[in-house]
2 protein chains.
Amino acid sequence: MSQRRRPTIHEVAKVAGVSISSVSRALNGNTSNADMVARVNAAVREVGYVPSVVAQSLKTRHTGQIAFAMEDIGNAAYLEMVRRIQPTLRDEGYRLLLHSTGADVEDELGVLASLSQNYVDGLILCPLRVTDRHVEALRQTAVPVVVIGLLPDDVPVDNVRADSRVGAQLAVQHLAEAGARRIAFIDGPLDTVPGRARYDGYRMGLAAAGRETDDALIRFTDFRFDAGRQTARELLTEHPDVDAVFGANDLIAMGALHALRELGRDVPGDVRVVGMDDTPLAATSFPPLSSVSLGSADRGRIAAELLLRRLDGDDAPPERVTVPPSLTVRESSR
Amino acid sequence: MSQRRRPTIHEVAKVAGVSISSVSRALNGNTSNADMVARVNAAVREVGYVPSVVAQSLKTRHTGQIAFAMEDIGNAAYLEMVRRIQPTLRDEGYRLLLHSTGADVEDELGVLASLSQNYVDGLILCPLRVTDRHVEALRQTAVPVVVIGLLPDDVPVDNVRADSRVGAQLAVQHLAEAGARRIAFIDGPLDTVPGRARYDGYRMGLAAAGRETDDALIRFTDFRFDAGRQTARELLTEHPDVDAVFGANDLIAMGALHALRELGRDVPGDVRVVGMDDTPLAATSFPPLSSVSLGSADRGRIAAELLLRRLDGDDAPPERVTVPPSLTVRESSR
DNA sequence: TTGAAAGCGATACCAA
DNA sequence: TTGGTATCGCTTTCAA
């Protein structure tokens, strides 16, 4: 914690016996002869000069920083994203700022508004939901924004999305092809975006497999482990003929796995189980859980790349990229 | 993406018909009469003025930003930390920057060196290991640093640490008290800091319980699921009389759980199992895994608080805080 | 190619 | 209390 003032470009100039403009030029690789560069570099080393990024930012009007805002970094999907976003940005010289907004829409709008402070060059945003105020804010942001998630078509912002509807369809078709005849579905709340999409996908999957939908085999609960366990227990007690369960996320599916074990049903022998999100839980559960990946890592990477292109001056029309889901089959449905 | 230039303090001053100094004062709550404040606020709203944090930083010499650097945010312990660090800092008006260094010591030193650029006011660092070069860098950082992890006594830096030695002891004593007679231990590499500490703790725990150490029941492998599974399988095949397994982290313990199931041994009936780190895996495993928490969330919070105190001007001698471990008993050892 | 000087957008000192 | 002005540390235009 030595608090000696850091040397500025003026000290370097004095030591090198040149002007500060020459120092700046030499350091930034602009026209200057080899001799000049050598003298400046020597002086830089001598005084231990490191440029102030703050002063540079003020002058150049960019900060070298990008923000990533989402509900909670503890959520496995967002975690996967940030793990890919960070190296992608760092390779291009950007630092990453993290905003966990919690389940607070106001906070989310606050992040959007704060962009006017110009502390970052761009933002990657995963909105909880997109309100009119979001749309309005997104139309006039101070810096480029990329949204990961659903976005109305008329919002002129780069957009990366998953397809959990097709993902759910994938899961159901897989279960049907594996020979399951009574495929139950434990969904999250139907009035949420993912809950609705997965519900639609489930029905589409059944239809594609030439099966009837039996509403008695569909349940709605929260996207949590305990909720999944409880709901699965009830469902399987009422309908012992169920031979497959599709959980709308891995936590629900894990809950189902526990319930089945408690009911003495063999997985996958008696009942097959598939989850969604392909979190780290899936690989270490017993039996290992088949799960549909929604490509969080890819979505993060693509969002970062889109943003970098914008910062590079690309002013093409906003892009919309949909990342396809993929199913990883493990023992729970084999 | 409207690219109209953002208004500056000069526009506000002009609209309000006052000087820029008065605008600054009114906005920062410094001596100015009510009338002045009202006029300025009106003008601010009229032109949509938002101060530039970059310009403010240049002048005030602080950025309102703090960095958190660790190996990989995907690691459950670091994730827990960041989840507490972020809100703690945000409540005090600081933004959080994330540096994932990967397993690269050079990168870690690079972060330390980059502090001279003054893009943050402070750093929370979780070093992989502390080399001489770390010590040297830590002695002369441009901004306050708090280290989470082991640090030599003579490094004048605030330090927060876990106690996995005592944590391991806790686990072993618990298993002994639960009635286990042959307590095996699957450790990570002995030449790592955590591997060594947990090894010592295991032996202390046995000693405290009045048991002999049997080296045949100790194995070293990697801190990974597959490694734990494989090692546990070998161990339990060679020593069928083992009635408890302590895994040096949750991944190893989960592997042991799988191995036991494959060997047809009941948990906890035949063999009790305890892990360490108390990750989200523990609660959803089957049976739910007892695990020793090393207080990652608390360590993160405390580190953030220590740093905030430094930034507040506290120049007391460096502090060293050790967060005690705690055991959560679940079905796997009940 | 180099140096002088203006300016990025704020804060804070000093007079009035 | 208010306004003028220097200043933070850099980049960049403009002359020389």
Side-chain angles (χ1 to χ4, degrees), chain A residues 3-41 43-44 47-65 114-121 142-143, chain B residues 3-41 43-44 47-65 114-121 142-143:
Chain A
Q3 295 301 1
R4 202 175 74 259
R5 254 174 76 315
R6 36 200 308 274
T8 73
I9 197 171
H10 289 94
E11 274 86 289
V12 178
K14 184 175 298 174
V15 169
V18 301
S19 73
I20 62 166
S21 354
S22 296
V23 175
S24 174
R25 255 175 269 134
L27 257 31
N28 293 306
N30 295 327
T31 47
S32 33
N33 71 36
D35 182 52
M36 178 82 240
V37 174
R39 291 179 64 177
V40 168
N41 282 334
V44 163
V47 304
Y49 171 71
V50 179
S52 156
V53 294
V54 171
Q56 286 178 321
S57 296
L58 181 58
K59 195 60 196 171
T60 62
R61 307 176 144 292
H62 44 80
T63 62
Q65 301 189 154
S114 75
L115 295 179
S116 298
Q117 296 177 106
N118 274 36
Y119 61 98
V120 288
D121 298 336
V143 298
Chain B
Q3 297 299 1
R4 202 176 73 259
R5 254 177 74 317
R6 37 201 306 278
T8 72
I9 197 170
H10 289 93
E11 274 86 289
V12 178
K14 183 175 298 174
V15 169
V18 300
S19 73
I20 61 166
S21 353
S22 295
V23 175
S24 175
R25 253 175 271 134
L27 258 31
N28 293 305
N30 294 326
T31 47
S32 36
N33 71 37
D35 182 54
M36 178 82 237
V37 174
R39 292 178 63 176
V40 168
N41 283 333
V44 163
V47 303
Y49 170 71
V50 179
S52 155
V53 295
V54 171
Q56 287 179 321
S57 295
L58 181 59
K59 194 61 193 168
T60 62
R61 308 178 144 291
H62 46 78
T63 62
Q65 300 188 154
S114 74
L115 295 179
S116 298
Q117 296 178 110
N118 276 35
Y119 61 99
V120 288
D121 297 335
V143 297

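Order of the sequence lines sets the chain letters (A, B, ...), proteins ahead of strands, with each chain counted from 1.
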Q: Grab the two heavy atoms, one from A/Leu58 and one from B/Ala55, that are nearest each other, plus how far apart they are.
A: CD1-CB, 3.8 Å

Q: Specify the closest pair of heavy atoms between B/Ser19 and B/Ala13, including all atoms of both residues, with the distance to one decimal.
A: C-CB, 3.8 Å

Q.
Testing the basics here: between A/Tyr49 and A/Leu27, what is the closest heavy-atom pair and its distance to 0.1 Å?
A. CE2-CD2, 3.6 Å

**Q.** side-chain hydrogen bond (donor to acceptor under 3.5 Å, both in side chains) against A/Asn28, all qualifying residues, sequence neighbours excluded
**A.** A/Ser24

Q) Would you find a donor on one side and an acceptor on the other, under 3.5 Å apart, between the side chain of A/Arg39 and the backbone of A/Ala16? A) yes

Q) OP1, OP2 of D/dT11 versus side-chain N and O of A/Gln56: anything below 4.0 Å? A) yes

Q) For the pair made of CZ in A/Arg61 and C1' in D/dT11, what is the distance, rounded to whole Å? A) 12 Å

Q. Which whole-number value in Å describes the distance from B/His10 NE2 to C/dG9 P?
A. 9 Å

Q) Per the end-axis method with five pairs at each terminus, what is the bend angle of the helix from C/dT1-D/dA16 to C/dA16-D/dT1, to 10°? A) 40°

(Q) Measuring only between side-chain heavy atoms, which start at C-beta, is B/Arg6 closer than 4.5 Å to B/Ser52? (A) yes

Q. In whole Å, what is the span from the CZ atom of B/Arg25 to the P atom of D/dG4?
A. 11 Å

(Q) Just N and O in the side chain of A/Ser24: are any of them under 4.0 Å from OP1 or OP2 of D/dT11? (A) yes

Q.
Tell me the interatomic distance from A/Leu27, atom CG, to C/dT1, atom C1', rounded to whole angstroms.
A. 17 Å

Q) Shortest non-hydrogen contact from B/Ser22 to B/Met36? A) CB-CE, 3.6 Å

Q | Among C/dC8, C/dG3, D/dC10, the one nearest A/Ser22 by side-chain distance | A | C/dG3

Q. Checking all strands, does A/Val54 fall into the base, sugar-phosphate, or nothing category for heavy-atom contacts under 4.0 angstrom?
A. nothing

(Q) I need the CG-C1' distance between B/Asn30 and C/dT11, as an integer number of Å. (A) 10 Å

(Q) Measure CG/A/Leu58 against P/D/dG9 and give the value in whole Å, please. (A) 12 Å

Q: Could you tell me whether B/Thr8 contacts a base, only the sugar-phosphate backbone, or nothing, with contacts defined as non-hydrogen atoms closer than 4.0 Å?
A: sugar-phosphate

Q. If you measure only the distance, is there a donor-acceptor pair under 3.5 Å linking the side chains of B/Ser114 and B/Tyr119?
A. yes

Atom pairs, N/O to N/O, protein against nucleotides 5-7 of chain D, distance under 3.5 Å?
| residue | atom | partner | partner atom | Å |
| --- | --- | --- | --- | --- |
| D/dT7 | O2 | B/Lys59 | NZ | 2.5 |

(Q) Do B/Val143 and B/Asp121 have side chains that approach each other closer than 4.5 Å (heavy atoms only, starting at C-beta)? (A) no

Q. Reckon A/Tyr49 has a side-chain N or O less than 4.0 Å from the OP1 or OP2 of D/dC10?
A. yes

Q) Out of D/dT11, D/dT2, D/dC10, which nucleotide sits closest to the side chain of A/Ser52? A) D/dC10

Q. What is the distance from CG of B/Asn28 to P of D/dT2, rounded to the nearest Å?
A. 15 Å

(Q) Between P on D/dG3 and CD1 on B/Ile9, what's the gap in Å once rounded to a whole number? (A) 12 Å

Q | Side-chain heavy-atom pair A/Thr63, B/Val54 within 4.5 angstrom cut-off | A | yes

Q.
Base, sugar-phosphate or nothing for B/Val18? Non-hydrogen atoms, less than 4.0 Å.
A. sugar-phosphate

**Q.** First of B/Asp35 and B/Ala55 reached from the 5' end of DNA chain D, by closest nucleotide
**A.** B/Asp35

